[in-house]
2 protein chains.
Amino acid sequence: MLSNACQYAIRSVLYLSIHSTHEIKIGVKKVAEELETPQPFLAKLLQQLAKSNLISSVKGPNGGFYLTEKNLENSLWDIVKCIDGGDKFDNCFLGLSLCDDSNPCPVHFIVTPFKDKLLNDFRDKTLAQFTKEIITTRRVLSLKDYNVLEKK
Amino acid sequence: MLSNACQYAIRSVLYLSIHSTHEIKIGVKKVAEELETPQPFLAKLLQQLAKSNLISSVKGPNGGFYLTEKNLENSLWDIVKCIDGGDKFDNCFLGLSLCDDSNPCPVHFIVTPFKDKLLNDFRDKTLAQFTKEIITTRRVLSLKDYNVLEKK
DNA sequence: AAAAAAAAAGACTTCTTTATCCTAATTATA
DNA sequence: TATAATTAGGATAAAGAAGTCTTTTTTTTT
């Protein structure tokens with residue numbers, strides 16, 4: 001459903017949301033290691049996100065990527081739009097060019113509620129809210145998160 | 001989520017399920033036109049389905065593809081397995097290699113119910129049942145179906 | 001001012017999916 | 001039995017996604 005690129009991007013942003021601040025910037029290398037993603041590929045994505053002002057960056061020593069308060073007001077949907085495009089959830093599950101409530105494909109009414117829910121969740125929560133939930137409910141973003149939970 | 005190939009395959013099988021019988025076989029050309037899919041590509045897919053005994057075929061004049069009673073006992077899930085592989089719905093929505101109920105990614109509990117429901121629907125209904133529903137509830141498979149409804 | 005560390009940018013490679021084309025095999029029917 | 005219609009099979013092409021590599025630019029630190 002989401003491209004690899006978009007999955008990496010979302011996880012990166014959430015990772016930054018959890019671990020970075022204006023004072024603590026994080027380099028591609030670190031992020032790629034933590035999330036187990038191909039480094040140069042991730043670099044491209046982070047650059048793209050930075051260009052769209054979804055994340056912030058500083059070059060040079062001790063530079064890296066981080067999220068500002070402003071960045072934290074964006075949503076996951078903004079990430080998806082930036083990487084995969086805004087029509088990602090529009091397409092019919094069976095590929096019909098025309099498929100809506102009055103002309104539904106055979107799985108339309110199974111798939112639509114889910115897409116709506118997902119879209120709402122992605123669109124209506126800010127990264128700040130989402131991140132808070134991730135922390136309080138101990139959601140997993142990388143193998144290292146998993147290990148942390150295991151060790152407790 | 002599903003590949004183009006798999007979407008074509010599913011729609012083709014449902015189309016055959018509705019319109020073909022042992023006596024009325026349908027050629028690739030016709031199916032491709034009705035479903036608006038690339039013809040040679042669809043041919044490959046139908047061949048693959050036939051090879052896996054999910055649909056039936058006869059060569060020569062008045063030959064074509066059709067479904068037997070036996071074929072109609074298969075499920076949509078069998079089609080997906082044949083074209084996209086059986087692990088299609090296994091992957092984490094955010095691409096985590098490890099993601100389950102005890103180590104969930106941030107969207108795990110949003111996505112999982114949907115995947116379960118869809119998998120059940122795909123796996124538990126036979127094509128015969130599914131087709132019956134499509135007809136009684138007037139679901140759309142091709143632009144022509146759409147026109148038929150419009151004209152009523 | 002120099003050096004080093006990082007992001008930014010662009011060109012390039014590889015892989016997968018999608019799609020086409022051509023030839024062979026099969027089968028009904030005239 | 002010849003012909004035409006149709007599926008089957010294999011090789012190939014085109015497009016897009018995924019991923020890499022190299023160079024440039026910026027910025028901090030010494």
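In what follows, every heavy atom counts, from backbone to side chain, and hydrogens, waters and symmetry copies are set aside. These numbers were taken from a predicted model, which means no experiment stands behind them. Throughout, a chain's letter reflects where its sequence line sits, starting with A, and its residues are numbered from 1.
In this model, the phosphate group of D:dA18 is not approached by any side-chain N or O of A:Tyr8 to a distance below 4.0 Å at OP1 or OP2.
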query: Run the side-chain hydrogen bond (donor to acceptor under 3.5 Å, both in side chains) check on B:Asp101 and B:His108 step by step: do they pass?
result: CA-CA 8 Å; B:Asp101 285 359; B:His108 178 75; 2.8 Å; yes
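Nucleotide D:dA4 has C:dT27 as its partner under the Watson-Crick or G-U criteria, with both atom distances under 3.5 Å.
With the nearest nucleotide of DNA chain C identified for both A:Gly27 and B:Ala5, A:Gly27 has the one nearer the 5' end. Each of B:Lys59 and A:Lys59 was matched to the nucleotide of DNA chain D holding its nearest heavy atom; the match closer to the 5' end belongs to B:Lys59.
For the atom pair A:Ser57 OG and A:Leu67 CG, the distance stands at 11.0 Å (nearest 0.5 Å).
At a threshold of 4.0 angstrom between heavy atoms, the contacts of B:Pro40 include nucleobase atoms, whether or not backbone atoms are also involved.
Between the side chain of A:Lys44 and the base of D:dG19 there is no donor-acceptor pair of N/O atoms closer than 3.5 Å. For C:dA7, the base has no donor-acceptor partner in the side chain of A:Gln47 [N/O atoms by modelled type, under 3.5 angstrom]. With hydrogens and angles ignored, no donor-acceptor pair under 3.5 angstrom links the side chain of B:Lys51 to the base of D:dG9.
You'll find that the side chain of A:Asn62 is closest to D:dT28, out of C:dA8, D:dT20, D:dT28. Across D:dT20, C:dA8, D:dA8, the shortest atom-to-atom separation from the side chain of B:Ser57 is found for D:dA8. Considering only side-chain atoms of B:Ala50, the nucleotide from D:dA8, D:dG19, D:dT7 that sits closest is D:dA8.
The aromatic rings of B:His22 and B:Tyr66 sit perpendicular to each other, their planes meeting at more than 60°, with 30° as the lower class boundary. Aromatic ring pairs are classed by plane angle as parallel below 30°, tilted from 30° to 60° and perpendicular above 60°; the pair A:Phe122 and B:Phe93 is perpendicular.
One atom, OH of B:Tyr66, and another, C1' of C:dT27, lie 13 Å apart when rounded to the nearest Å. Atom CG of B:Leu46 is separated from atom P of D:dG9 by 13 Å (rounded to the nearest Å).
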